[in-house]
Number of protein chains: 2
Amino acid sequence: MSLISEPIASFSPLYEQIKAMILASLQASEWLPGDAIPSEMELAARYAVSQGTVRKAIDELAAQNLLVRRQGKGTFVATHQEEGWQYRFLRLEPDSGEKLQLKNQFLACEYIKSDEYIAHLLKLKAGDPIIRIDRVQSSAGRPIVFEEIWLPEGRFKGLTLNALNALSGPMYALYEGEYATHMVRAEEKIKAVLANDDLAQYLQVPVGAALLSVERVAFTYGNKPVEIRHARYDTADQHYDNKLN
Amino acid sequence: MSLISEPIASFSPLYEQIKAMILASLQASEWLPGDAIPSEMELAARYAVSQGTVRKAIDELAAQNLLVRRQGKGTFVATHQEEGWQYRFLRLEPDSGEKLQLKNQFLACEYIKSDEYIAHLLKLKAGDPIIRIDRVQSSAGRPIVFEEIWLPEGRFKGLTLNALNALSGPMYALYEGEYATHMVRAEEKIKAVLANDDLAQYLQVPVGAALLSVERVAFTYGNKPVEIRHARYDTADQHYDNKLN
DNA sequence: TAGTGGTCTAGACCACGGG
DNA sequence: CCGTGGTCTAGACCACTAC
């Protein structure tokens, strides 16, 4: 591959250009979550570079959790459908250290107009159509999480409360299967807040109890924000677990 | 380098053995934070492997933030002294998005016996001697953070309130400079709590205000826990910022 | 046995930093 | 100018998976 006359990235290392082309294929759904991508040798031939160069490109995409390598089998597009990746972005865990088992109860799924704030986060215009979902998640029969979710209507057209109630497993699996939208990364802003009347009722805690407020923006390929969540966690018996490196 | 008769790791890939040996040198303070380590060629000669193998070992250590590569200059041992790495583990930031400027006020530095809980986290025995430090950090004259810190006395012998009050900059820089202890990673458990009388006074908030409780265990080389912190953040005007990948 | 990713090598050349 | 890390190649062999 020559360094001039490149379709996507115009300069910088060859492997960066390969990365960009693989990313473009992912974004274009040429390879779907769970699928194997072509072998390193095939890609090397396709892009007319050495296997080592393809290897470095794939290594970096795998480090970003976009691809998953499996020795002897191939390289696969990451998916939230998979065992162990089901709740990849959930940092809440019981103080006891056991695994958290959450049961969904969806309360609402409304088609509304975006306000300024949500529009800004989703890179839409105020007034653009969006979907708003409310849910409560329970562990061992006790409500632990109250969550408001906002989605752009365009990408998630047709989503209904019934579809949500039929769901078992994480919403990101649903987004992948039904709306061809794979979440790549997210940003969270965390605060401590007091329970108001509504929150107290949803989470069955006293008014004035301390709750963890977690605002999340989730992004798909190309750094495109496609979901906003505002969760409140009851952290009496569980905590938000974070690793710093 | 032969695959048998290895001093440190006994098998697995060559570059893993190189990693282990570089790590051992770091742990033994053969190269100090801020220093350059030998060049790739030198290390390749020393370990009798190719440059590419050393390269892969260094790449992985750099990805873990133990080393820092600088093209044209060399590879350096990571340090908390450096501009931009000063508050590498601090995730608190103003809602406005500006940079947080914190001023220290140390309240106490006592030599005490460890209780069960702290001993367990530090992998000591209950009753072992430890140091306990209290401090308040303020931004623009307003108290934002109250923090209790526990250190094993053995490693930090001689630390005094005066030394702390002379400190400008992060404590991890002090640990590095005075106690040859570099922090490599940390784990935090986050909850929402209510301000009691003491916290209300330290942070100048009403009793019953919501505060973020952050318990941190910090580790040096070899996964050795050497510091416990329990912080309470006032998140009225700032938040804990987290990226999920 | 064939095909995949994983390791290792040796050598060429580039890009950056500093004397 | 030299020494550093950064890129790229070509080829050999290993380790794992599946048929």
Side-chain angles (χ1 to χ4, degrees), chain A residues 1-6 8-22 25 31 34-78 82-83, chain B residues 1-6 8-22 25 31 34-78 82-83:
Chain A
M1 169 187 289
S2 75
L3 289 177
I4 50 178
S5 83
E6 260 323 299
I8 301 223
S10 63
F11 204 64
S12 68
L14 257 186
Y15 72 85
E16 288 287 357
Q17 304 175 39
I18 308 295
K19 262 176 75 173
M21 284 188 283
I22 293 175
S25 291
W31 310 311
D35 284 0
I37 70 171
S39 74
E40 295 180 352
M41 288 306 246
E42 277 183 81
L43 290 174
R46 170 185 310 191
Y47 300 131
V49 299
S50 76
Q51 188 197 9
T53 301
V54 170
R55 185 151 248 287
K56 173 139 187 169
I58 291 179
D59 277 347
E60 297 206 351
L61 294 171
Q64 293 167 62
N65 292 320
L66 296 179
L67 298 176
V68 178
R69 289 174 163 298
R70 291 198 194 112
Q71 179 173 135
K73 301 184 27 176
T75 300
F76 298 78
V77 182
E82 212 130 306
E83 199 57 42
Chain B
M1 168 188 290
S2 73
L3 289 177
I4 50 177
S5 82
E6 259 323 300
I8 302 225
S10 63
F11 204 64
S12 69
L14 257 187
Y15 73 85
E16 289 287 357
Q17 303 176 39
I18 308 295
K19 262 176 74 172
M21 284 189 283
I22 293 175
S25 291
W31 309 311
D35 285 358
I37 70 171
S39 73
E40 295 180 351
M41 289 306 247
E42 278 182 80
L43 290 174
R46 169 184 313 192
Y47 300 132
V49 299
S50 76
Q51 187 196 11
T53 301
V54 170
R55 184 152 250 287
K56 173 138 188 171
I58 292 178
D59 277 348
E60 298 206 351
L61 293 171
Q64 293 167 61
N65 292 320
L66 296 181
L67 298 176
V68 178
R69 289 175 163 295
R70 290 198 195 112
Q71 181 172 132
K73 302 184 29 176
T75 300
F76 299 77
V77 182
E82 212 130 307
E83 200 57 43

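An OP1 or OP2 oxygen of dA10(D) is reached within less than 4.0 angstrom by no side-chain nitrogen or oxygen of Ser50(A).
Comparing Thr53(A) and Arg55(B) against DNA chain D, the residue whose closest nucleotide sits nearer the 5' end is Arg55(B). Positionally, the nearest nucleotide of DNA chain D for Val54(A) lies more toward the 5' end than for the other of Val54(A) and Gln51(A).
In this structure, NZ of Lys19(B) is placed 14 Å from C1' of dG6(C), rounded to the nearest angstrom. Put simply, OH on Tyr15(B) is 17 Å from P on dC14(D), counting in whole angstrom units. Going from atom CG of Leu14(B) over to atom C1' of dA15(D) covers 15 Å, rounded to whole Å. Distance, Tyr47(B) OH to dC8(C) P: 15 Å, rounded to whole Å.
Here the options are Leu66(A), Ile18(A), Thr75(A), Thr53(A), the test is side-chain contact (heavy atoms from CB on, under 4.5 Å), and the partner is Ile58(A); only Thr75(A) passes.
Rounded to the nearest 0.5 Å, atoms CD (Gln51(A)) and CE (Met41(A)) are 5.0 Å apart. A distance of 5.5 Å separates CG in Leu43(A) from CD1 in Ile37(A), rounded to the nearest 0.5 Å. A distance of 6.0 Å separates CZ in Arg46(A) from OG in Ser25(A), rounded to the nearest 0.5 Å. Separating the NZ atom in Lys56(A) from the OG atom in Ser50(A) is a distance of 12.0 Å, to the nearest 0.5 Å.
Contact of the Leu14(A) side chain with the Tyr47(A) side chain is not registered, since no non-hydrogen atoms from C-beta on lie closer than 4.5 Å. With contacts defined as side-chain heavy-atom distances shorter than 4.5 Å, the pair Ile22(A)/Trp31(A) qualifies. When side chains are defined from C-beta on, Asp59(A) counts as touching Arg69(A), because their heavy atoms get closer than 4.5 Å.
Within residues 56-74 of chain A, the residues approached by DNA chain D to less than 4.0 Å at the level of any non-hydrogen atom are Lys56(A), Gln71(A), Gly72(A), Lys73(A), in residue-number order. Within residues 36-44 of chain B, the residues approaching DNA chain D are Ser39(B), Glu40(B), by heavy-atom distance under 4.0 Å.
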